[in-house]
K.L.:
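One structure follows; several queries about it will come next.
None of the values given here were measured: they were computed from a predicted structure.
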Amino acid sequence: MALPQEIGYCRGADGVRLAVARMGSGPPVLMAGAWLSHLERDLQNPALAHWVHALVRGRTLVRYDARGNGLSQRDVQRVDFDSWVEDLEAVVDWAGLERFALFGLSQGAAVAVAYAARHPARVSHLALHGPCVHGLLRRNPPEKVVAAAQAMLDAARAGWGVGSSSFRKMFLHGLVREAGDEQLRAMDEVQRHTVSADVAVRFLEAAYQIDVSADAPQVRCPTLITHSENDPCFPFAEGARLASLIAGARLVPLPSRNHLLMDSEAAWPHARQALDAFLPSSWSGPGFTLTPRQREVLRLVAEGRTDKEIARQLALSPRTVEMHVARILQTMGCAKRAEAAARATELGLLTP
């Protein structure tokens with residue numbers, strides 16, 4: 001489902017142009033920039049779209065393309081961890097966020113940890129998925145692992161930007177082991193439009209050198225960490241170690257072999273429920289709670305169905321549907337069905 005968003009631009013500390021998107025309404029949550037983002041294409045990316053939908057449910061979601069990615073400036077001098085943190089700082093100031101929840105996915109999780117540690121007064125909640133304390137080359141790996149990492153960089157230089165998608169799909173298999181051919185094709189289509197070979201290599205090099213071991217103990221806000229138990233990219237042990245370094249952090253292990261959790265796998269509802277329960281939300285609080293049946297009716301209303309059509313599909317009486325609709329309008333403070341459908345779409349209430 002398409003979500004309306006407003007896109008603007010700000011500048012990083014070194015002048016790099018950053019594309020920023022805002023969508024939804026409610027308590028603010030900021031998604032830290034991460035590997036391969038594209039504000040206009042992420043909602044067609046099977047690895048990211050469901051995360052965006054989950055985060056915007058009853059919230060104002062602010063996202064941005066990391067430097068060198070998507071709609072942000074592609075030709076950049078710096079691609080390193082410090083520049084990633086500086087860019088997050090620039091986006092926060094540009095968006096006028098005084099206090100907000102912060103979400104980090106994959107490499108963006110380490111950026112979020114560093115920001116939360118250095119700006120404790122700004123971050124109310126910290127949610128992370130698939131994080132690491134140390135990047136691959138900061139874990140004292142054996143020589144064969146170092147050689148494999150260098151081989152990956154060499155292959156990316158040679159194969160990322162060529163016409164064939166063979167290397168990019170091989171790379172995706174290292175992030176999502178259990179993705180279908182159609183999902184891989186869709187993800188590769190986003191990759192192809194998102195980043196150049198040069199920036200892809202520099203991103204990997206910087207990610208290999210991540211180290212937030214000093215920042216993590218300085219985080220003071222409530223923290224939720226979800227992590228796939230068989231993560232092929234950042235081992236589960238990295239998420240567990242991060243949880244041990246952040247006072248009071250909650251770690252939720254997920255039965256998955258994917259680094260980027262897909263919405264088609266059994267682990268996704270557990271991750272989504274943990275996220276919904278943890279992050280502040282305008283629709284889940286007192287005075288604005290819809291029952292599962294009401295949300296089901298509202299979804300069909302948004303599709304333009306009549307009460308009789310809804311009644312047939314849900315095996316209800318038209319009168320019962322009419323009562324559900326009336327209660328939905330009252331709960332949401334809307335005068336018309338179309339207004340409730342539009343607001344529900346904006347808040348992400350209709351997302352499965």
Side-chain angles (χ1 to χ4, degrees), residues 26-34 51 54-63 81 84-85 88-89 91-92 95 97-135 138-139 207 210-231 233-256 259-261 267-286 289:
V29 57
L30 173 61
M31 184 173 183
W51 287 102
L55 290 168
V56 81
R57 290 154 61 95
R59 307 176 187 95
T60 297
L61 175 61
V62 177
R63 301 180 297 131
F81 190 79
W84 292 338
V85 178
L88 197 161
E89 292 170 338
V91 169
V92 169
L97 301 176
E98 293 298 326
R99 189 163 173 80
F100 58 94
L102 182 57
F103 174 73
L105 177 68
S106 186
Q107 157 261 340
V111 178
V113 167
Y115 181 92
R118 301 171 196 183
H119 303 275
R122 307 293 285 272
V123 182
S124 64
H125 298 71
L126 180 63
L128 311 169
H129 177 73
C132 70
V133 176
H134 292 115
R138 291 287 184 139
R139 300 176 205 151
I210 286 173
D211 183 350
V212 291
S213 57
D215 286 304
Q218 306 306 314
V219 173
R220 295 291 179 263
C221 61
T223 301
L224 170 72
I225 299 173
T226 57
H227 207 122
S228 297
E229 292 176 320
N230 294 292
D231 190 324
C233 184
F234 292 159
F236 178 79
E238 284 293 307
R241 184 174 183 214
L242 184 62
S244 74
L245 293 175
I246 299 176
R250 178 188 172 206
L251 174 64
V252 179
L254 299 170
S256 173
H259 174 59
L260 299 178
L261 199 65
W268 169 244
H270 300 291
R272 185 188 63 206
Q273 289 164 12
L275 200 62
D276 276 343
F278 178 72
L279 293 176
S281 166
S282 63
W283 66 268
S284 60
T289 299

K.L.:
Please enumerate all residues that pass side chain to side chain donor-acceptor pair (under 3.5 Å) together with E89, with sequence neighbours excluded.
P.N.:
H119
K.L.:
Under a 3.5 Å distance rule, please check whether R99 uses its side chain to pair with a backbone N or O of A121 as donor and acceptor.
P.N.:
yes
K.L.:
Can you list the residues that meet the side chain to side chain donor-acceptor pair (under 3.5 Å) rule with S228, with sequence neighbours excluded?
P.N.:
none
K.L.:
To check you understand the geometry: which heavy-atom pair defines the closest contact between C132 and A110, and what is its length?
P.N.:
O-CB, 4.3 Å
K.L.:
Using atom types as modelled, flag every donor-acceptor pair under 3.5 Å from a side chain in residues 216-226 to any protein atom, sequence neighbours excluded.
P.N.:
unit_1: R220; atom_1: NH1; unit_2: P217; atom_2: O; d: 2.7
unit_1: T223; atom_1: OG1; unit_2: C221; atom_2: O; d: 3.0
unit_1: T226; atom_1: OG1; unit_2: L128; atom_2: O; d: 3.4
unit_1: T226; atom_1: OG1; unit_2: H129; atom_2: ND1; d: 2.8

K.L.:
Please list, chain by chain and in numerical order, all residues satisfying side chain to side chain donor-acceptor pair (under 3.5 Å) with R138, sequence neighbours excluded.
P.N.:
Q209
K.L.:
Do you know the tightest heavy-atom contact between S281 and R59?
P.N.:
CB-NH2, 3.8 Å
K.L.:
Determine, step by step, whether H125 and L102 satisfy the side chain to side chain contact (heavy atoms under 4.5 Å, CB included) criterion, reporting the C-alpha distance in whole Å, the side-chain angles of both residues, the deciding distance to 0.1 Å, and the verdict.
P.N.:
CA-CA 6 Å; H125 298 71; L102 182 57; over 6 Å; no
K.L.:
Could you pull out the closest heavy-atom pair between A54 and D276, with the gap in Å?
P.N.:
O-OD1, 4.0 Å
K.L.:
For L261, is there any backbone N or O sitting under 3.5 Å from a side-chain donor or acceptor partner on S256?
P.N.:
no
K.L.:
I'd like a table of donor-acceptor pairs (distance under 3.5 Å, sequence neighbours excluded) in which one partner is a side-chain atom from residues 234-244, with atom names and distances.
P.N.:
unit_1: E238; atom_1: OE1; unit_2: V133; atom_2: N; d: 2.8
unit_1: E238; atom_1: OE1; unit_2: H134; atom_2: N; d: 2.8
unit_1: R241; atom_1: NH1; unit_2: H134; atom_2: ND1; d: 2.9
unit_1: S244; atom_1: OG; unit_2: R241; atom_2: O; d: 2.6

K.L.:
Answer yes when D211 and R139 have at least one side-chain N-carboxylate O distance shorter than 4.0 Å, and no when they do not.
P.N.:
no
K.L.:
For F81, check ring pair (Phe, Tyr, Trp, His ring centres under 6.0 Å) against everything at least two apart and list the hits.
P.N.:
none
K.L.:
Closest approach of G58 and P27, non-hydrogen atoms and distance?
P.N.:
O-CD, 3.3 Å
K.L.:
Suppose the criterion is salt bridge (Lys or Arg N to Asp or Glu O under 4.0 Å): which pairs have a residue in residues 111-122, not counting sequence neighbours?
P.N.:
D93-R122, R118-D215
K.L.:
Taking the side chain as every heavy atom from C-beta outward, state whether V62 and F100 have any pair of such atoms under 4.5 Å apart.
P.N.:
no
K.L.:
Any side-chain heavy-atom pair from L254 and H227 closer than 4.5 angstrom?
P.N.:
no
K.L.:
Under the criterion side chain to side chain contact (heavy atoms under 4.5 Å, CB included), I'd like the reasoning laid out for F103 against L126: C-alpha separation, chi angles, the key distance, then a yes or no.
P.N.:
CA-CA 6 Å; F103 174 73; L126 180 63; over 6 Å; no
K.L.:
Working note: Q107 + I210, criterion side chain to side chain contact (heavy atoms under 4.5 Å, CB included); need CA distance, chi angles, decisive distance, verdict.
P.N.:
CA-CA 8 Å; Q107 157 261 340; I210 286 173; 4.1 Å; yes
K.L.:
Run the ring pair (Phe, Tyr, Trp, His ring centres under 6.0 Å) test against W84 and tell me which residues pass, sequence neighbours left out.
P.N.:
F203
K.L.:
Taking salt bridge (Lys or Arg N to Asp or Glu O under 4.0 Å) as the cut-off, I'd like each qualifying pair that reaches into residues 107-117, sequence neighbours left out, listed once.
P.N.:
none
K.L.:
Is there side-chain contact between W268 and W51, with heavy atoms separated by less than 4.5 Å?
P.N.:
yes
K.L.:
Is any side-chain heavy atom of L97 closer than 4.5 Å to one of V91?
P.N.:
no
K.L.:
Minimum heavy-atom separation for L55 and V29, please, with both atom names.
P.N.:
O-CG1, 3.8 Å
K.L.:
Could you tell me which non-hydrogen atom of A127 sits nearest to which non-hydrogen atom of L275, and how far apart they are?
P.N.:
CB-CD1, 3.8 Å
K.L.:
Not counting sequence neighbours, which residues clear side chain to side chain contact (heavy atoms under 4.5 Å, CB included) with P120? List them please.
P.N.:
none
